[in-house]
Protein chains: 2
Amino acid sequence: MNKKTTIYDIARALGITVSTVSRALNNVPTISEGTRQLVLAKAKELNYSVNKIASSLSSGRSNTIGVIVPTMQIHFFAEAVHSIEKELKKHNYSLLLYQSNESYSDEVNGIKTLLEAQVDGIIASLSLETQQITHFQEVIKQGKCLIIFDRTHRDIAAPVVKLNDFEAGYLATKHLIEQGYKKIGFITTNKEIAIFQDRFSGFEAALKEADLPQLDDLIVRGELSIEAGIKGTEQILQSSIQPDAIIGGDDFTAVGIIQALKAAEIAIPATGVIGFANQTFSSFITPALSSIDQQANKMGEECAKLFLKMVKQKNPYEDIEQVVLDPILIKRKSTCRIDK
Amino acid sequence: MNKKTTIYDIARALGITVSTVSRALNNVPTISEGTRQLVLAKAKELNYSVNKIASSLSSGRSNTIGVIVPTMQIHFFAEAVHSIEKELKKHNYSLLLYQSNESYSDEVNGIKTLLEAQVDGIIASLSLETQQITHFQEVIKQGKCLIIFDRTHRDIAAPVVKLNDFEAGYLATKHLIEQGYKKIGFITTNKEIAIFQDRFSGFEAALKEADLPQLDDLIVRGELSIEAGIKGTEQILQSSIQPDAIIGGDDFTAVGIIQALKAAEIAIPATGVIGFANQTFSSFITPALSSIDQQANKMGEECAKLFLKMVKQKNPYEDIEQVVLDPILIKRKSTCRIDK
DNA sequence: TACTTTTATGCAACCGGTTGCAAAATTGTT
DNA sequence: AACAATTTTGCAACCGGTTGCATAAAAGTA
């Protein structure tokens, strides 16, 4: 492979200047139609292809956006990244991907890397470990667009896209109550993460609204996983009160709940089970698991749109927008003992 | 935000040249320890951060790799990308992500975009539509490292990382035979994609080896999906021969098979079911689905390693390597009527 | 035809680093 | 102390575009 052709080659071949060539290639209005065509033709002839690196350096815009997510192994994030990429691609942005692997130091490093790469903006969801947020403030300080989604942090003065998790918890609980369940358990995480706390608050609110007691024996705080769902359910079943429904902090936990109930020969949906996230598998496990959809795609889309809007503004942090998506209740067998 | 500090600022502050600063920051051995320390200290003081764009332009290396996958919505690809990113990050490479969305023209565009971005290499898995491969040849022609994984194409003269899909089909079938299943059905795609064809060939080989007949009535070619699994199973059940096991072209199809068998009140694993991919959900549906693990993570890792190896060579296409991973049989309830 | 406007192009600096080669500074040798 | 060998640093070109400003060319007007 001989050296790649540059605008200098085109200019030389045509006996014009590189500035003219540059303008022709970028459809700058001040160029005459005639030369534009000449340049385009010659560019094609020489198999020219821009060097975006050079272009970025001189223009100061990289047309690249950085995305930091905990891990692509979590389907929700893969889905969100999918949508972000799909949306931004339409506007000629490329996506630099960085996984924090749920580690604070990796996340800090990710921000550093992306800033060094001169991204035009960063869309991020925080790692479970993250407490300090100076690295995010640095992004803002540099005047780059920053958007936080799903796993947010109240102290970051940047636009946010998230689910109304309170509403999610409320919806799930209210649905159970409407189905006649009264003694409702909840297996969730003991970590202080906003989304999980909010879900729980929604749960509490729905109970209060229906004048139902919150039964502490039915509430387990630990991990979120199939295993944790099983253990949690076993623990609940040993308490003096028998639950007639259990909410899983996420769908994996809910699967564990289902397995434990089956093992204990407790019928579902006589005893109801619901989870959060509406994972792919939720619809086809037995019984099909009711869940609250987290709208990963919509969230990714909104992030992308928000970025496109911000990047156009002189001062992106003028008024900080907050997009709160409504959760969607997906009713399936595991909670429907009345209708259906 | 005032302008970012550059090596010029550091040089000026220290009364030395930018070349010296550059060398100090890059740990070039020809620099004296004294000045290196001075530069590093001043860099920290001024909160300096490299501009990788500038660095890339002048050095000719972007330290970025492009990854093209059909879509992150497919868990296998998300998982592979996860591993690629994780592995390459260790070696200071960043990852530009591009989804072809199973579209040929998008894929072509992806290659173009990544080349323009001056990536040091591209790791790709082909879209279902792709027949022409000139865009990949362009990558090779430019001397950039190209690695194809999973969805490969015989005419691309680049290293490949893939699963031994023949072996996968063979393993699945042999396992069924060992479990005493004799009338084995297969629901697969009608598309001519190597991996699926290979799986089927493995199926045929295992049957032949065991002197079992290949029962055409039990073979359905169409789509791969839960729906297709259900439809396919219904079709098979209507044939004159009743199957005692059915293989799903992927785990989703296998889930459909399970659902259809349940609906027809046919017991599993009296009638066996096995799929391919070992999706997350496979282990916890009822009955737990046996499957062939596709080793997404391992595949990603191997791609990364292969790239790191190639990128060091003067002529990356000297001898083209091919990494073929062995599939792993995951035995679960859905096929284990003997032991366990 | 001469002069003003309005395009279209060229000039040249700039973006922020990297790197081969030469020159200067140090160190070593006798 | 003089000279050679070695280590450090500086010089300057280069990577491949972009863009504000000036100038040349084309078009419009009187």
statement: Each nucleotide of nucleotides 12-24 of chain D classed B (base within 4.0 Å of a protein heavy atom), S (only sugar-phosphate) or -, in 5' to 3' order, makes B--BBBBBBB---
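Shortest non-hydrogen contact noted between B/Phe136 and B/Ile156 is CD1-CD1, 3.6 Å. Contact between B/His91 and B/Asn63 at its shortest, heavy atoms only, is O-ND2, 4.2 Å.
The interatomic distance linking B/Leu14 (CG) with D/dT9 (P) rounds to 11 Å, in whole Å.
Here A/Asp9 contributes atom CG and A/Thr5 contributes atom OG1; the two are 5.5 Å apart, rounded to the nearest 0.5 Å.
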Donor-acceptor pairs under 3.5 Å, side chain of residues 298-316 of chain B to any protein atom, not counting sequence neighbours: which ones?
residue	atom	partner	partner atom	Å
B/Lys309	NZ	B/Glu321	OE1	3.1
B/Lys309	NZ	B/Glu321	OE2	3.3
B/Asn315	OD1	B/Tyr317	N	3.0

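The list of ring-ring contact (aromatic ring centres under 6.0 Å, His included) pairs with a residue in residues 106-130 of chain A, not counting sequence neighbours, is empty.
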N/O contacts under 3.5 Å, protein versus nucleotides 22-24 of chain C?
none

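A donor and an acceptor atom, one from each side chain of A/Ser103 and A/Ser100, are nowhere located under 3.5 Å apart.
Of the listed residues (A/Thr64, A/Val139, A/Leu96), just one forms a side-chain contact (heavy atoms from CB on, under 4.5 Å) with A/Leu114, and that residue is A/Leu96.
For DNA chain D, the neighbouring residues in residues 27-45 of chain B, judged by any heavy atom under 4.0 Å, are B/Thr30, B/Ile31, B/Ser32, B/Thr35.
A/Glu129 and A/Lys191 are not joined by a salt bridge, as no carboxylate oxygen comes within less than 4.0 angstrom of a charged side-chain nitrogen.
Of the possible polar contacts, one joining the A/Ser125 side chain to the A/Arg151 backbone as a donor-acceptor pair under 3.5 Å is found.
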task: In sequence, state the C-alpha distance, the side-chain angles, and the governing distance for B/Ile65 and B/Glu85, and then conclude on side chain to side chain contact (heavy atoms under 4.5 Å, CB included).
output: CA-CA 9 Å; B/Ile65 190 162; B/Glu85 197 269 342; over 6 Å; no
message: Using side-chain hydrogen bond (donor to acceptor under 3.5 Å, both in side chains), reason through A/Ser62 and A/Asp120 one step at a time and then give a plain yes or no.
response: CA-CA 6 Å; A/Ser62 68; A/Asp120 292 339; 3.3 Å; yes
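Taking the centre of each ring, B/His82 and A/Phe77 stay at or above the 6.0 Å mark.
Rotation axes derived from the C1' atoms of the five outermost pairs at either end of the helix from C/dT1-D/dA30 to C/dT30-D/dA1 lie 40° apart, to the nearest 10°.
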